[in-house]
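By convention in this document, chain letters (A, B, ...) are assigned in the order of the sequence lines, proteins followed by strands, and residues within each chain are numbered from 1.
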There are 2 protein chains.
Amino acid sequence: MADQTICPKFESALNIINKRWTGLIIFQLLEGAQRFSTIEATIGISGRVLSERLKDLEKQGIVKRHVYDETPVRIEYDLTEKGMALKPVLESIQEWADGWMEIEKQSFV
Amino acid sequence: MADQTICPKFESALNIINKRWTGLIIFQLLEGAQRFSTIEATIGISGRVLSERLKDLEKQGIVKRHVYDETPVRIEYDLTEKGMALKPVLESIQEWADGWMEIEKQSFV
DNA sequence: TATACTTAGTTACATAAAGTAAGTTAATTT
DNA sequence: AAATTAACTTACTTTATGTAACTAAGTATA
């Protein structure tokens with residue numbers, strides 16, 4: 001009636017990584033610290049969900065929020081060590097994508 | 001106003017892999033071919049969504065559905081070559097989980 | 001000085017995705 | 001004949017995401 005065999009750490013990891021947008025957010029931050037609006041524009045996520053995700057990721061210790069008290073204030077997000085440790089995951093996805101994904105031509109409606 | 005820098009193959013790959021349950025389904029099938037009800041019970045997904053996911057994954061060429069015409073009929077799902085190629089992805093997630101995930105004690109409500 | 005713009009969000013509401021539970025079909029066991 | 005199992009599907013509910021407008025504080029523009 002319930003799961004048995006699956007490693008709970010693995011399952012929790014999937015619960016984080018497998019959430020919509022999380023992969024792309026982390027991928028972006030592997031490039032270096034970025035501002036809210038930059039992430040928003042680059043990956044095409046809505047502000048509402050980006051805000052939600054960044055808070056989750058911060059709570060998970062994957063992302064860190066930095067407030068630079070300049071005028072105007074600058075806020076940047078970057079990866080913690082735990083977050084950086086996800087690099088091989090993203091790389092393996094990239095490799096799989098290179099080897100196996102077809103680019104579908106988008107038909108513009 | 002829109003994304004620029006992200007590799008479209010990578011993005012499509014993430015759109016598949018990052019869907020809820022997909023990771024766990026593939027992880028299960030890495031163990032070998034399995035029946036619908038086994039996957040359902042093992043990972044705790046609802047039948048409705050499992051049915052949906054398996055169809056998607058089949059369409060993507062990641063999973064293959066096999067009908068064994070015994071009585072009663074037996075249906076099994078397994079990974080294609082493309083699906084098997086996701087093994088390193090799941091392994092890298094497992095490694096990250098081992099290194100960085102804390103097990104939260106579940107408080108039963 | 002007033003108006004408009006930018007950043008980093010939040011809020012309210014609409015739509016899409018996932019969960020729940022019951023139903024279906026065909027065959028099998030009791 | 002009634003109950004059970006497998007592999008789904010259907011109808012309905014709850015949750016997640018998208019959209020758009022709003023806020024606050026500062027900056028630039030007319």
Whole-Å distance between C:dA18 C1' and B:D56 CG?
13 Å

Separation of C:dA17 atom C1' from A:R20 atom CZ, nearest Å, is 9 Å

Find the distance between CG (B:L30) and CE (B:M84) and round it off to the nearest 0.5 Å.
6.0 Å

Using atom CG of B:L24 as one end and atom P of C:dG19 as the other, report the distance to the nearest whole Å.
11 Å

Which letters describe nucleotides 2-11 of chain C, given B = protein heavy atom under 4.0 Å from base, S = only from sugar-phosphate, - = neither?
-----SSSBB

To the nearest Å, give me how far apart CG (A:N18) and P (C:dA18) are.
11 Å

Report, as yes or no, whether the 6.0 Å neighbourhood of atom CD on A:E81 holds more than 12 heavy atoms from other residues, nucleotides or ligands.
no

Would you say B:W21 reaches C:dA17's phosphate, i.e. side-chain N/O to OP1/OP2 under 4.0 Å?
no

How far apart are the closest heavy atoms of B:V73 and B:Y68, and which atoms are they?
CG2-O, 3.4 Å

Enclosure of A:K87 NZ (heavy-atom neighbours >12, cutoff 6.0 Å):
no

In terms of heavy-atom contacts, B:A97 and A:A13 come closest through CB-CB, 3.7 Å

If only side-chain N and O atoms count, and only distance matters, is there a donor-acceptor pair under 3.5 Å linking B:N15 with B:E11?
no

Minimum heavy-atom distance B:G61-B:T80, with the two atoms named:
O-OG1, 2.5 Å

Mind checking the NZ-CG spacing from A:K82 to A:L79? Nearest 0.5 Å is all I need.
12.0 Å

Outer limits of DNA chain D sitting under 4.0 Å from a non-hydrogen atom of chain B, read 5' to 3', are D:dA6 to D:dA11

